[in-house]
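What you see is a predicted model, and the numbers here were worked out from it, not measured in a lab. Below, read A as the first sequence line, B as the second, and so on, with proteins coming before strands; counting in each chain starts at 1.
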There are 2 protein chains.
Amino acid sequence: MKKILVVEDDAAIRTGLAEALAREHYLVDTASDGETGSLKGSAKDVDLIILDLMLPVMNGEEVCRALREKGISTPILILSSKREETSKVLGLELGADDYVTKPFSLLELQARIKAILRRQKKSGDKIDEFAFGNVKLDFKKHEMTRRGKQVKLTEREFKVLKYMIEHKGEVVTREMLLDEVWGYENFPTTRTVDNYILSIRHKIEDAPSRPKFILTVHTAGYKFTC
Amino acid sequence: MKKILVVEDDAAIRTGLAEALAREHYLVDTASDGETGSLKGSAKDVDLIILDLMLPVMNGEEVCRALREKGISTPILILSSKREETSKVLGLELGADDYVTKPFSLLELQARIKAILRRQKKSGDKIDEFAFGNVKLDFKKHEMTRRGKQVKLTEREFKVLKYMIEHKGEVVTREMLLDEVWGYENFPTTRTVDNYILSIRHKIEDAPSRPKFILTVHTAGYKFTC
DNA sequence: GTCGCTTGTCACAGAAAGGTCACGAGCCGG
DNA sequence: CCGGCTCGTGACCTTTCTGTGACAAGCGAC
């Protein structure tokens, strides 16, 4: 779960923002002045700082600069009012990553937050091809072939299968799948998982009722082997 | 490590940019006027040139043209202000690879830089022509012909199609398109993407409702094949 | 073997995503 | 100022996906 620090002195905006972000399943911390903002912003577990420019004690500009000088590279999104817009060249010189001018729409802010966080997660070692048995998978193309014949998989089926493959040999619990594939926003029954396993088996196994690849580990979960 | 040359006369933006890019682990060199920009940009070890259009001594347009005439094919990203917006297309005709209009956010710039460098790495030779089915595209001239007949594409349609082609075979999500084609400055609905796909299909497909080239990948995005 | 719990299986309804069209806003050239 | 072009959005309909309940089958402990 991503953690966002909101540094804003106006209580109404601060709590409003905090609530809105919490509703979007972010972890939210707040600070009402620049100094505590700078302090809290130095923590390593913060994924994004939303920073008002006009702040008591220490203004946003200073906070920004201070953080960067400390070598903190946490993304910073600046909230500025129209007046300040022209003076600061978009916080570029301050080391901010993005800016939104007040009054802003919540929708826009959320979109930008998403964009920033999306950029953060590095595209490290992802598999995009995998083969086993008579099945070949291409995650990038969203394609699966079995004995050379194309088989259609649902997006969710793809994700489940991919997760299983990424943990091949290990027992994967239903809870793990629900957390990682379904995410925090959805809370389906654990039976839902079973059903997806079922339909995946139908597509990858020669004898779905006697599976060779996705094995059931009774009272624990499932295991992918090949 | 990639080397980026920043050609910009405004000191605040220049140093701000330089620092930000350094933070992103790029090697950065700077130039404050067109002439030195052109000089430094001729070096072979430069991977990308970020070029302001309004420059003393020699403007960005001239720098761009001069470099291309010298046979330098280093990617160029143009910074232009709103006023010069009409020169957008011109910029691309000059041989620039992309442009960002001021005021821009660091986030957007970074995204575009990444995109350009990724493209660069992928296929040393940039595509500027592409043909499939009975369609022929000329990216440089922004022209498309179908069965020898000219078909008009809007700028945005062109970009979408180009992006799809650059990722042919792979699934392209709406988010990817919004990020890379629309940029971070606009936040249209994802439905907007659908509509563009629709209109592109009408222009390239024989049976738009049963597309052969731009396929829908349900809950994932679209895929270009040919 | 029997009981209790877990998993396999199927069918279905509601939800979500995509296709399509039409409209209003903004921009530009005349 | 008008008409035409883009662009983004909303509305409506169709298709596809998703999650769930019900029941059968399987497993494990006793």
Run the ring-ring contact (aromatic ring centres under 6.0 Å, His included) test against Y196(A) and tell me which residues pass, sequence neighbours left out.
W182(A)
Any T192(A) side-chain N or O less than 4.0 Å from OP1/OP2 of dT20(D)
yes
Below 4.0 Å: OP1/OP2 of dC7(D) and any side-chain N or O of W182(B):
no
How many whole angstroms separate atom [atom1] of [X] from atom [atom2] of [N]?
| X | N | atom1 | atom2 | answer |
| --- | --- | --- | --- | --- |
| L177(A) | dT18(D) | CG | C1' | 16 Å |
| K152(B) | dG4(D) | NZ | P | 13 Å |
| L215(A) | dG8(C) | CG | C1' | 15 Å |
| E205(A) | dG8(C) | CD | P | 11 Å |
| K203(A) | dG8(C) | NZ | C1' | 17 Å |
| Y196(A) | dT7(C) | OH | P | 19 Å |
| E155(B) | dC27(C) | CD | P | 17 Å |
| I200(A) | dG8(C) | CD1 | C1' | 14 Å |

Quick one: which residue pairs count as a ring-ring contact (aromatic ring centres under 6.0 Å, His included) with a foot in residues 159-181 of chain A, not counting sequence neighbours?
Y163(A)-H167(A)
I need the full list of ring-ring contact (aromatic ring centres under 6.0 Å, His included) pairs touching residues 201-226 of chain B, with sequence neighbours left out, sorted by first then second residue.
F132(B)-F213(B), F132(B)-F224(B)
Do [X] and [Y] sit within salt-bridge range, that is, some charged N less than 4.0 Å from a carboxylate O?
| X | Y | value |
| --- | --- | --- |
| K223(B) | E143(A) | yes |
| D97(B) | R68(B) | yes |
| D206(B) | R146(B) | yes |

5' priority, DNA chain D, between V193(A) and R156(B) [closest heavy atom]
R156(B)
Given 3.5 Å as the limit, does a donor-acceptor pair link the side chain of E8(B) with the main chain of D10(B), or not?
yes
Pairwise salt bridge (charged side-chain N to carboxylate O under 4.0 Å, His left out) hits with a residue in residues 169-180 of chain A, at least two apart
R174(A)-D194(A)
At 10 degrees resolution, what angle do the end axes of the helix from dG1(C)-dC30(D) to dG30(C)-dC1(D) form when each is taken over five base pairs?
40°
What string of B, S and - do you get for nucleotides 14-24 of chain C, 5' to 3', if B is base contact, S is sugar-phosphate-only contact and - is no contact with any protein heavy atom under 4.0 Å?
---SBBBB---
What do you reckon, is CD of E205(A) surrounded by more than 12 foreign heavy atoms closer than 6.0 Å?
yes
